Number of protein chains: 2
Amino acid sequence: MKAEQDSKAEKAPWFSESLARGLLVIQAFDASGPNLRATDIAKRSGLSRAATRRFLLTLQALGYIGADDDRYYLQPKVLDLGFAFVSSMQIDRLVQPLLNELSTITSESCSFAVLDNDQALFVARASGPKILQMAVGIGGRVPAHTTSLGHALLSALPHDQFEQYMQSRKGLIDPPALTKLRASIEKGRAHGWVEVKGLLHTAITGVAAPIRNRSGELIGAINVANYGSATTKSMRAHVEPLLDVRSRIEKSLQAAGHILPTAAGRRSA
Amino acid sequence: MKAEQDSKAEKAPWFSESLARGLLVIQAFDASGPNLRATDIAKRSGLSRAATRRFLLTLQALGYIGADDDRYYLQPKVLDLGFAFVSSMQIDRLVQPLLNELSTITSESCSFAVLDNDQALFVARASGPKILQMAVGIGGRVPAHTTSLGHALLSALPHDQFEQYMQSRKGLIDPPALTKLRASIEKGRAHGWVEVKGLLHTAITGVAAPIRNRSGELIGAINVANYGSATTKSMRAHVEPLLDVRSRIEKSLQAAGHILPTAAGRRSA
DNA sequence: ATTATTTGTGCGATTATCGCACAATGACAC
DNA sequence: GTGTCATTGTGCGATAATCGCACAAATAAT
């Protein structure tokens, strides 16, 4: 039904077409393969070949794109853009050390993720000493309802946003699973943490807790995950360090002036 | 002496100012903290406040930036841009599994990195079972001369580019270290792999090998690293699996049509 | 209350960006 | 070898996108 973006849509005087188009070009590379020709990219991005070429040249001049003869490929520099996010959140400085600590205490893999629409997006991880490793790496995404991290994230959402999410999942998740999901989230809201067992894979068990800012809004979530034969009991033992590290991360982020410094400061009467 | 970008520099008819400026805005967030106000960003990016605002609004409309009252912050979606690189190289699908395998065989941490100017940029990693972990995570950078990965990368560079690198390091690295570096790289060129001990930290030892495309050009490098008391001998035992995995990664990338599919196809006479 | 900053926005001026059109190049078939 | 087809590089005039100033409103600091 997406009625927006129609043919003659008002045009906003502040919208920078060129920027939007240029970003389209970067994303045209996505899974499409390592090196593309100008025409391919034009097709993928829906821009004219001439425009595509101009953007490619520009990006090349800026060092984001390399060209070999007439094939184009992304340069590692584009990672700077993605990691502008990571460094803007100061993940490496504020979150990673505490995550490492948690991993050492629990001898398990610990991750930090944020919510991106209906997905949990892995931003940082401290791998545990166990052999089995999570297949999805940093920057990877997983449907929120399939992991403890996702449940923790959803449990910290405002009610209306959560209901909106649940609504959007209808038809995509079978009803019994949906019911279970809601139960899990409600338990999470009550306890401040969640436990999820055998959702993404039968052998995976995880405990997770949301990270909030000073005004209680969701920032992300951390978890402790076991990919083997952890008992519920053994996982429960990880909850205390989990919550401890959680609040230390929250303190740390707040001290760094993270998202909404005062948060009280809305327009008053 | 950067004589370029001078006041009235010819102006290129194909360069998209708007794209370049918009990207500047994203990067203005970098380490500057999680949420900035329009004026800050204008200052940091060197653009006029009006222009800055237009780009912020545009990026917000595209979902890359969030706004709260009048603070702006990056949304996780910007990671899509960075990971356009990772997915364009199909790291997760082609490299990560083999990296995991190498880590399992050696019981050590294994990483994949690419060369970005004078730095090794970590793109993927399989953490080993040991407690000690590398402090610098995915997306992180380290001066090339300080790690086995960096040495491997440098050893696969064309001679002129390598010499250019060495030239640029003069004055930044003390002469004896530079001499050692050159010796290490030459050994690397001869053997096809390098061993580096105690450079970034006295306790770190690593063996690494470059990854090349079909035409022999550098793509990246992988390594096996030990953060404890590994002997030279024990590390040597890792060389065989390292080289084995290296060539399997190369095959895998080539099969996926990686960088320069035929590579013979230059302009002939 | 008064000043100093900041934000939001309208506007006319400018120039950056558009996409067509053509020549040149290489791919491929026959 | 020659003829087709697809793709690239590039000029150009037309147009619309982008510029930054300037002013009002709002907020924070003195």
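Only heavy atoms go into these numbers, but all of them, side chains included; no hydrogens, no water, no symmetry mates. Bear in mind the structure is a predicted one, so any value in this text is a computation, not a measurement. Every chain is numbered from 1, with letters handed out A, B, ... down the list of sequences.
- In this structure, Ala51(B) reaches the sugar-phosphate backbone alone: every heavy-atom distance under 4.0 Å involves primed, P, OP1 or OP2 atoms, never a base.
- Within the structure, salt bridge (Lys or Arg N to Asp or Glu O under 4.0 Å) pairs that include any residue of residues 245-254 of chain A comprise Glu101(A)-Arg248(A), Asp244(A)-Arg248(A) (at least two apart or interchain).
- Both Leu19(B) and Ala50(B) lie near DNA chain C, and the one whose nearest nucleotide falls closer to the 5' end is Ala50(B).
- Comparing dA17(D), dG9(D), dC19(D) against the side chain of Tyr72(A) picks out dG9(D) as the nearest.
- In this structure, Trp14(A) and Lys43(A) both approach DNA chain D, and ranking their closest nucleotides by distance from the 5' end singles out Lys43(A).
- The CZ atom of Phe55(A) sits 12 Å away from the C1' atom of dG19(C) (whole-angstrom rounding).
- If you measure from atom CD1 of Ile41(A) to atom P of dA6(D), you get 20 Å, rounded to the nearest angstrom.
- Straight-line distance from the CZ atom of Arg37(B) to the C1' atom of dA4(C): 13 Å, rounded to whole Å.
- When the side-chain nitrogen and oxygen atoms of Thr39(A) are compared with OP1 and OP2 of dA6(D), none of them lie within a distance under 4.0 Å.
- One atom, CZ of Phe15(A), and another, C1' of dA16(D), lie 15 Å apart when rounded to the nearest Å.
- Closest approach to the Arg49(A) side chain among dG20(D), dG9(D), dT17(C) is made by dG9(D) (side chain taken as heavy atoms from C-beta onward).
- In this structure, Asp70(A) and Leu47(B) both approach DNA chain D, and ranking their closest nucleotides by distance from the 5' end singles out Asp70(A).
- The separation between Arg53(A) atom CZ and dT17(C) atom P is 15 Å, rounded to whole Å.
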After noting the C-alpha distance and the side-chain angles of Val114(B) and Leu218(B), does the key distance pass the side chain to side chain contact (heavy atoms under 4.5 Å, CB included) rule? CA-CA 9 Å; Val114(B) 298; Leu218(B) 176 64; over 6 Å; no

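- Lys43(B) places no side-chain N or O within donor-acceptor distance of the main-chain N or O of Arg49(B), the cut-off being under 3.5 Å.
- Phosphate contact (OP1/OP2 of dC20(C), side-chain N/O of Ser48(A), threshold under 4.0 Å): absent.
- Counting any heavy atom pair closer than 4.0 Å across all strands shown, Ala38(A) reaches sugar-phosphate atoms only and no base atom.
- With rounding to whole Å, Leu56(A) atom CG is found 10 Å from dG9(D) atom P.
- Annotation: cation-pi pair Arg44(B)/Phe29(B) absent, no NZ/CZ under 6.0 Å from the ring centroid and within 45° of its normal.
- The phosphate of dT17(C) has OP1 or OP2 within less than 4.0 Å of a side-chain N or O from Ser18(B).
- Taking only side-chain nitrogens and oxygens, Arg21(B) comes nearer than 4.0 Å to OP1 or OP2 of dC19(D).
- dT7(D) atom P lies 8 Å from atom CG of Asp40(A), rounded to whole Å.
- Nucleotide dT10(D) holds its C1' atom 11 Å from the CZ atom of Arg54(A), rounded to whole Å.
- No cation-pi contact links Arg71(A) to Tyr73(A), judged by a cut-off of 6.0 Å to the six-membered ring centre and 45° from its axis.
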